[in-house]
**Q** 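Please find one structure pasted underneath; my questions will follow.
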Amino acid sequence: MEYPAQEQMNVQPCLPAEEERQTIFTDLEDKQLRFFKISYLILYLLTYFYSAVFFNYQTAPFFPFAIGLILLSEALIRKLAYPSLQIKNLDSRLEARSFLIMTLAQALALSLWGLHRQLELFQFLAIHISFAFYILSRTGWLSQGRLGILVWFDTIQAFCILPFKNFIAAILVFIEGKQQDSSDSSDSLSSKKAQQLAIIVSSFFVAGILVYFVWSQLSQVSDSFASFFSNTADIIENLLDSLFSSLDSSMILFKACLAVPVSLYLYGLLAGSLLGKKDTKLSYKKFQASIRPLRVAPAFAAYIIIGSLCLTYALFFLTGLTELGQLLSAGTVAQAISPQNASTVAVAGFWQLVRVSILNFAVLGVFYLIAKKPLWNQTGTRLAATILFIFTGLLALLAGWKLFGIYIYLYGPTPLRLISAWFILVLLVWCLLTLIRFYKPIQAIRIGIFYALISFTLLCYLYPILLPVAK
């Protein structure tokens with residue numbers, strides 16, 4: 001009876017170990033790998049200056065930081081031979097160009113005017129959303145190839161899945177062993193460069209020690225040379241004091257530590273979107289297949305729920321005609337309504353709009369998931385949904401009149417009134433897009449998101465014009 005040789009028994013178990021060492025950088029060429037290593041060092045420096053935003057609201061570096069981050073992203077993209085941003089094939093590259101422009105525009109506004117009062121959170125979210133979706137659209141990670149019904153998953157993917165899944169990518173890129181497979185000539189060239197650099201550094205160090213020793217000895221021989229040596233030392237000392245005395249070493253150390261997780265997070269987003277496997281993302285077909293078992297609600301369920309809401313809105317407008325008439329005439333005479341009453345009326349109208357609009361859009365979204373057939377594919381349910389969003393639009397117009405025609409017209413804009421006005425206009429446009437979508441197959445979600453982000457970017461530039469800072 002024969003037994004396998006000992007050498008054969010020792011060779012085969014080594015195969016799985018090779019597979020375990022596979023990373024997203026394994027298939028890169030040596031030049032590409034070196035560029036990814038250098039790119040993290042550059043990204044770390046950028047995030048160090050980015051951390052200044054969190055201290056004393058120093059937003060001036062935002063625009064150069066955004067330019068540097070985009071140039072670094074484009075350099076990595078070009079290194080992997082991705083298609084360039086050309087004017088041709090407009091539809092598939094609209095998101096990438098639009099989010100690129102919005103990122104730069106919002107960063108420029110932050111550098112010029114800083115964070116606008118009471119808009120800080122919205123500005124912070126807008127610029128980060130714009131950049132994250134620029135990366136997704138530029139590298140082909142949008143679930144539908146564009147903005148659509150899966151925008152919620154794209155958001156999770158951009159801010160959670162890709163960055164945290166590849167959070168240690170910056171560490172892996174430096175321990176990747178691709179350099180071991182390079183040729184002997186490249187190894188010898190890199191070793192020569194390292195040797196030359198070591199010689200240069202050690203030469204400067206030795207020269208400094210020798211010069212200091214000679215200067216100290218000769219200064220005891222000549223009083224003039226001693227005076228020159230003393231004056232030169234004083235000048236150098238004063239120069240160093242002027243450069244570094246005002247620096248807060250503890251703050252520098254804190255910013256340097258803060259830049260580490262931020263740079264790892266951003267590098268995870270960049271490396272993961274560029275090198276990750278795209279077959280793991282949720283596609284539109286997979287999403288439709290997953291919600292197909294939920295679609296069991298018959299049409300009469302929509303008639304009951306939507307009909308009840310429409311009846312309530314109709315009663316509201318019929319029973320409140322007198323109050324509505326007084327409200328519409330109140331904005332024509334400044335004395336007809338006091339500032340306190342104007343504030344109460346406008347705020348009540350705004351929150352009324354928010355609650356009702358969210359409810360109506362939520363109803364539409366739920367029926368998209370559970371209805372046997374889409375509401376806009378059946379005549380009866382499409383009519384009911386149309387009436388529902390007509391009422392939504394009327395409520396939005398009513399709240400807009402309260403805010404624009406009374407509050408802002410009579411008593412001027414404030415930061416909260418501006419952001420409220422922007423939100424009302426966004427909801428009006430979304431209602432209009434929804435009504436059009438019921439009768440024509442347009443990309444309503446895509447257009448609505450673009451309108452919201454573009455209009456907010458314009459608001460950041462209108463803000464200092466409408467609310468100038470008092471000097």
**Q** Determine, stepwise, if the pair Tyr439 / Thr386 fulfils side chain to side chain donor-acceptor pair (under 3.5 Å).
**A** CA-CA 9 Å; Tyr439 297 91; Thr386 300; 2.8 Å; yes

**Q** How far does CG of Leu427 sit from CD1 of Ile358, to the nearest 0.5 angstrom?
**A**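 With rounding to 0.5 Å, CG (Leu427) is 8.0 Å from CD1 (Ile358).
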
**Q** Quick one: does Thr26's side chain have a donor or acceptor within less than 3.5 Å of a partner on Thr23's backbone?
**A**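 Looks like yes, one N/O pair under 3.5 Å.
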
**Q** Are the side chain of Ser39 and the backbone of Phe36 linked by a donor-acceptor contact shorter than 3.5 Å?
**A**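 Checked: pair present.
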
**Q** Got a sec, which residues hit ring pair (Phe, Tyr, Trp, His ring centres under 6.0 Å) with Tyr463, two or more places apart in sequence or on another chain?
**A**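 Once residues adjacent in sequence are excluded, the partners of Tyr463 under the ring pair (Phe, Tyr, Trp, His ring centres under 6.0 Å) criterion are His116.
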
**Q** If we only count heavy atoms from C-beta on, is the Leu43 to Leu69 side-chain gap below 4.5 Å?
**A**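 Yes, their side chains come closer than 4.5 Å.
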
**Q** Going by ring pair (Phe, Tyr, Trp, His ring centres under 6.0 Å), name the residues that satisfy it together with Phe450, two or more places apart in sequence or in a different chain.
**A**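 If we apply the ring pair (Phe, Tyr, Trp, His ring centres under 6.0 Å) test to Phe450, skipping adjacent residues, the hits are Phe99.
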
**Q** Could you go step by step and tell me if Phe287 and Phe153 meet the ring pair (Phe, Tyr, Trp, His ring centres under 6.0 Å) rule?
**A** CA-CA 10 Å; Phe287 175 71; Phe153 181 75; 9.3 Å; no

**Q** Rounded to the nearest 0.5 Å, how far apart are CG of Leu282 and CD1 of Ile161?
**A**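 These two atoms lie 9.0 Å from each other.
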
**Q** Please confirm whether the backbone N or O of Gly448 pairs with a side-chain atom of Trp430, one donor and one acceptor, at under 3.5 Å?
**A**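 The answer is yes, because a donor-acceptor pair under 3.5 Å joins these two groups.
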
**Q** After noting the C-alpha distance and the side-chain angles of Phe438 and Leu375, does the key distance pass the side-chain contact (heavy atoms from CB on, under 4.5 Å) rule?
**A** CA-CA 8 Å; Phe438 289 156; Leu375 299 183; 5.6 Å; no

**Q** Would Leu269 and Tyr265 count as a side-chain contact (heavy atoms from CB on, under 4.5 Å) if you check the C-alpha gap in whole Å, the side-chain angles of each, and the deciding distance to 0.1 Å?
**A** CA-CA 6 Å; Leu269 174 62; Tyr265 180 89; 5.7 Å; no

**Q** Parallel, tilted or perpendicular: which describes the rings of His128 and Phe62, with under 30° parallel and over 60° perpendicular?
**A**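 Correct class here is perpendicular.
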
**Q** Checking Leu359 now: which residues fulfil side-chain contact (heavy atoms from CB on, under 4.5 Å) with it, not counting sequence neighbours?
**A**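 With neighbours one apart ignored, the set is Leu309, Tyr313, Val363.
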
**Q** How about Arg34 and Lys31: do any of their side-chain heavy atoms sit closer than 4.5 Å?
**A**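 Sidechains of Lys31 and Arg34: in contact.
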
**Q** Is there side-chain contact between Ile129 and Phe159, with at least one heavy-atom pair below 4.5 Å?
**A**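 Yes, at least one pair of side-chain atoms sits under 4.5 Å.
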
**Q** Identify the two heavy atoms, one from Gly393 and one from Leu428, that lie closest to each other, and give their separation to 0.1 Å.
**A**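 What the structure gives for the nearest pair is O-CD2, 3.8 Å.
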
**Q** Okay, side chain of Asn360, backbone of Phe389: is any donor-acceptor separation there less than 3.5 Å?
**A**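 Judged by distance alone, no pair lies under 3.5 Å.
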
**Q** Is there side-chain contact between Leu453 and Phe133, with at least one heavy-atom pair below 4.5 Å?
**A**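 No, their side chains stay 4.5 Å or more apart.
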
**Q** Around Phe122, counting heavy atoms of other residues, nucleotides and ligands shown, do more than 12 lie under 6.0 Å from its CZ?
**A**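 Atom CZ in Phe122 is not crowded, with 12 or fewer foreign heavy atoms closer than 6.0 Å.
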
**Q** With side chain to side chain donor-acceptor pair (under 3.5 Å) as the test, would you mind laying out the steps for Arg446 and Gln144 before giving the verdict?
**A** CA-CA 11 Å; Arg446 187 188 194 192; Gln144 296 177 246; over 6 Å; no

**Q** Can you see which heavy atom on Leu100 is nearest to which on Ile70, and at what distance?
**A**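 In terms of heavy atoms, the two residues are closest at CD1-CD1, 3.3 Å.
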
**Q** Ignoring hydrogens and geometry, is there a side-chain-to-backbone donor-acceptor pair from Thr47 to Tyr50 under 3.5 Å?
**A**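 No; zero donor-acceptor contacts below 3.5 Å.
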
**Q** Which heavy atom of Ser73 sits nearest to which heavy atom of Ile135, and what is that distance?
**A**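 Distance-wise, the nearest heavy atoms are OG-CD1, 3.8 Å.
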
**Q** Strictly distance-based, threshold 3.5 Å: is any side-chain N or O of Glu120 a donor or acceptor partner for the main-chain N or O of Gln118?
**A**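 Side chain of Glu120 to backbone of Gln118: a pair is present.
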
**Q** Which heavy atom of Leu466 sits nearest a heavy atom of Pro413, and at what distance?
**A**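 Minimum heavy-atom separation between Leu466 and Pro413: O-CG, 4.1 Å.
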
**Q** Should we say atom CD1 of Ile168 is surrounded by more than 12 heavy atoms from elsewhere, each under 6.0 Å from it?
**A**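 Open: at most 12 neighbouring heavy atoms sit under 6.0 Å from CD1 of Ile168.
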
**Q** Gln32 side chain to Lys79 main-chain N or O, any donor-acceptor pair under 3.5 Å?
**A**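 Flag set: sc Gln32 to bb Lys79 pair under 3.5 Å.
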
**Q** Do Leu433 and Tyr451 come close enough that some side-chain heavy atom pair is under 4.5 Å?
**A**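 The answer is no; the side chains never approach within 4.5 Å.
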
**Q** Heavy atoms, side chains only, cut-off 4.5 Å: are Ile419 and Leu459 in contact?
**A**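 Yes, at least one pair of side-chain atoms sits under 4.5 Å.
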
**Q** Residues two or more places apart in sequence or in another chain: which of them pass side-chain contact (heavy atoms from CB on, under 4.5 Å) with Lys440?
**A**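 In terms of side-chain contact (heavy atoms from CB on, under 4.5 Å), with neighbours along the sequence ignored, Lys440 is linked to Ile436, Ile442.
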
**Q** CG of Leu266 to OH of Tyr40: how many Å apart, nearest 0.5 Å?
**A**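 It comes to 10.0 Å.
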
**Q** Would the distance check show the side chain of Trp376 and the main-chain N or O of Arg382 forming a donor-acceptor pair, the cut-off being under 3.5 Å?
**A**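 Not a single qualifying donor-acceptor pair exists.
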
**Q** Which heavy atom of Ala158 sits nearest to which heavy atom of Ala132, and what is that distance?
**A**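 Scanning both residues, the minimum pair turns out to be CB-CB, 3.9 Å.
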
**Q** Which residue pairs pass the side-chain hydrogen bond (donor to acceptor under 3.5 Å, both in side chains) test when at least one of the two sits in residues 452-461, sequence neighbours left out?
**A**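 Listed once each, the pairs are Gln106-Thr457, Trp422-Ser455.
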
**Q** Once you round to the nearest 0.5 Å, how far does OG1 of Thr434 lie from CG of Leu388?
**A**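 Rounded to the nearest 0.5 Å, the OG1-CG separation comes to 10.0 Å.
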
**Q** Go through the structure and list residues passing ring pair (Phe, Tyr, Trp, His ring centres under 6.0 Å) with Phe35, not counting sequence neighbours.
**A**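 If we apply the ring pair (Phe, Tyr, Trp, His ring centres under 6.0 Å) test to Phe35, skipping adjacent residues, there are no hits.
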
**Q** Please examine the side chains of Tyr267 and Val173, heavy atoms only from C-beta on, and report whether any two atoms are closer than 4.5 Å.
**A**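 Val173 reaches Tyr267 side chain to side chain.
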
**Q** Are any of the side-chain nitrogens in Glu74 or Arg138 under 4.0 Å away from the carboxylate oxygens of its partner?
**A**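 A salt bridge links Glu74 with Arg138.
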
**Q** side-chain contact (heavy atoms from CB on, under 4.5 Å), that's the test. Do Val260 and Tyr44 meet it? Break it down for me.
**A** CA-CA 7 Å; Val260 173; Tyr44 177 80; 3.7 Å; yes

**Q** In Å, rounded to the nearest 0.5 Å, how long is the span from CG of Leu41 to CG of Leu46?
**A**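 Between Leu41 CG and Leu46 CG, I get 11.0 Å after rounding to 0.5 Å.
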
**Q** Is Leu147 close to Ile445 at the side-chain level, that is, under 4.5 Å between some pair of heavy atoms?
**A**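 The answer is no; the side chains never approach within 4.5 Å.
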
**Q** Any chance you could lay out the side-chain contact (heavy atoms from CB on, under 4.5 Å) test for Leu369 and Arg295, step after step, and finish with the verdict?
**A** CA-CA 6 Å; Leu369 295 175; Arg295 291 179 167 171; 5.9 Å; no

**Q** What is the distance from atom CD1 of Ile449 to atom CD of Gln443, rounded to the nearest 0.5 Å?
**A**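 Atom-to-atom, Ile449:CD1 and Gln443:CD are 11.0 Å apart.
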
**Q** Testing the basics here: between Thr381 and Pro374, what is the closest heavy-atom pair and its distance to 0.1 Å?
**A**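 Minimum heavy-atom contact is OG1-O, 4.4 Å.
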
**Q** So, does Thr59 use its side chain to make a donor-acceptor pair with the main chain of Leu110 at under 3.5 Å?
**A**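 Here the side-chain-to-backbone pair exists.
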
